[in-house]
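Quick notes on the structure that follows.
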Amino acid sequence: MGEREVNRMTKSVVSPAEIMQFMTHNSLLLYKTKGSRAPLDRLTAYQKTEKKNPYRKGAVFVSPTKEDLTEGKGFVVTSYETLGEKYNQLSHWTPNTYRGGTYYDFKKRIIKGHKRENLKQINVIGFDIDTKEVDLYGLYLGCEELKLPRPNLLLETPRGYQCFFVLETPFYVHNREDYKSLRIAERLSDNIRKALCKYVPIDMNCVPFGFYRIPKEDNILDFYEESANTSLLLSWSKNFEEQEKKKFLRVVYNSNPSSMNLCSSDWYKALIQATYIKTGHNSASRNNALMTLALANYASERPYEEAYDELDQFNSYLDHPLSKAEFEKTLKSAYSGKYKGVKRSYVEGLLELWTDGSARFQGREGWYKFKKEREERERSHYDEWEEDILRYIEMNRSPENPFLEGSLVMLAETFGMAVSSLKEVLNRSSKLIKRTVGRGRAAVTKLSSRSMLFKGLLHMRKKQLNLNQSNHVSPVSNTFTLRREIQLVISMFDMPFSSQEEIDIFNDSGPIPTIKNTS
């Protein structure tokens, strides 16, 4: 590869060896320390430069086969020269760099050191899709819909696919503050997988920073050279968690106002939002808080599954959550029928210690605050209007015909709101897509949702595939077919989703543009 280091944005990054150098941010040595084939003068100059480098290079682990990896066998690689020479004889590697590595048994090549605490830096966020029965539209358009960057690398594996976001700035791992940077990276990885699993079947149990398939000429389906902005990803992750928390901390509607519903009480809502509850406080610890909330659910006759889902999220948002075993044990105990109900002294102690004290426990005879019915309000919130429109589109449109059409006045009447309110909702919304055809009084507004357009794109693709099959189109290799699908996706993905060109894809039959930098 030469002495030149690979720039993150270079247009020449196309070979597997260069892709690996791009993914690992030049965190390995360029040349082998022993037995290098580089010219002596170049090697000497590079070694002199490295001696002045205050930052040590790291290592990656590789394995020849899946079977060897299962047995813990592999090699420690410290240079790109070695990777370039050997990658065709390897099946797996660690794209995230370690501080170093060694062997439990050198003769048998049992590798040692690939544990999370030994990570030097997190270079990529990767995940597995363990099935070939997946439409790759879902991956790319899911990223667009979630406002995630375009994936940098897509590999085909024997059972499915692997996808990677290459971080523009790696997470540098150190043991300060209990490996804080590593925990942040793990949280980001978890959020990305949670968000994308709604579009493609991602393996949620995959070790986020472990071994992945090594890039080769025959398994690279797509490569994109612009790395993902780490700061923007962290902002996205924070917003994603806030949105998930809003869904979790939703107002509880009481379907039977005459029955006791402790889950709608002010003290319940105050306590379930307390995320900093710790252990070691007599009668006011995490276990007591969970037990109290679980008993409130049981007393309110909520199904066990509903209580489990809500309280599992509560536990997850705690700064120091309970283990899954302890969580399930506590919840089952609350639903065992052994307890008469919520203990007042426990509730008051928890509220005093972990909330601002504005909510108070008042028992069965106390007051319960319910959300008013929609028609009782003088004015709806914009987000509720948006939800109404999205629900209407979902019920009255289809992937074959995704758009509502008419003047703004007609659409406003359909939704039961003022034209000015509809305009404001459309201006604020990131989920609705509006297109205006014509001008003045003859203008027609076409309205749909990003979700419905997404379904429409999938529908059109399946329709085209069925047409090809009925016309007995000659088959091509799986890899070539996949690349053509990806090319079409990317031609959409690189355009603004609400643009004229994006909408016109429903009638697009033109040539597929050439994909850049795909091996």
Can you list every salt bridge (Lys or Arg N to Asp or Glu O under 4.0 Å) pair that touches residues 157-167, not counting sequence neighbours?
Asp130-Arg159
Side chains of Thr44 and Leu40 in contact at under 4.5 Å (non-hydrogen atoms):
yes
Across all chains, not counting sequence neighbours, the side-chain contact (heavy atoms from CB on, under 4.5 Å) partners of Arg116 are Leu119, Leu182, Arg183, Glu186
According to side-chain hydrogen bond (donor to acceptor under 3.5 Å, both in side chains), who are the partners of Glu306, at least two apart in sequence or on a separate chain?
none
Under the ring pair (Phe, Tyr, Trp, His ring centres under 6.0 Å) test, which residues partner Phe171, sequence neighbours left out?
none
Salt bridge (Lys or Arg N to Asp or Glu O under 4.0 Å) with Glu326: which residues, sequence neighbours excluded?
none
Listing request: all salt bridge (Lys or Arg N to Asp or Glu O under 4.0 Å) pairs with a residue in residues 97-111, at least two apart in sequence or in separate chains.
none
Please examine the side chains of Ser79 and Leu30, heavy atoms only from C-beta on, and report whether any two atoms are closer than 4.5 Å.
no
Could you work out, with ring pair (Phe, Tyr, Trp, His ring centres under 6.0 Å) as the rule, every residue matching Tyr276, not counting sequence neighbours?
none
With sequence neighbours left out, the residues meeting salt bridge (Lys or Arg N to Asp or Glu O under 4.0 Å) with Glu400 are none
Who are the salt bridge (Lys or Arg N to Asp or Glu O under 4.0 Å) partners of Lys32, not counting sequence neighbours?
Glu85
Please name all residues satisfying ring pair (Phe, Tyr, Trp, His ring centres under 6.0 Å) with Phe75, sequence neighbours left out, ordered by chain then number.
none
May I ask you to decide if the ring planes of Tyr335 and Tyr304 are parallel, tilted or perpendicular, using 30° and 60° as cut-offs?
perpendicular
Salt bridge (Lys or Arg N to Asp or Glu O under 4.0 Å) against Lys147, all qualifying residues, sequence neighbours excluded
none
Contacts of Lys329 that satisfy side-chain hydrogen bond (donor to acceptor under 3.5 Å, both in side chains) - sequence neighbours left out:
none
Check: Lys120 side chain, Asn96 main-chain N or O, donor-acceptor pair, under 3.5 Å
no
Decide whether Ser449 and Glu394 meet the rule of one side-chain donor and one side-chain acceptor closer than 3.5 Å.
no
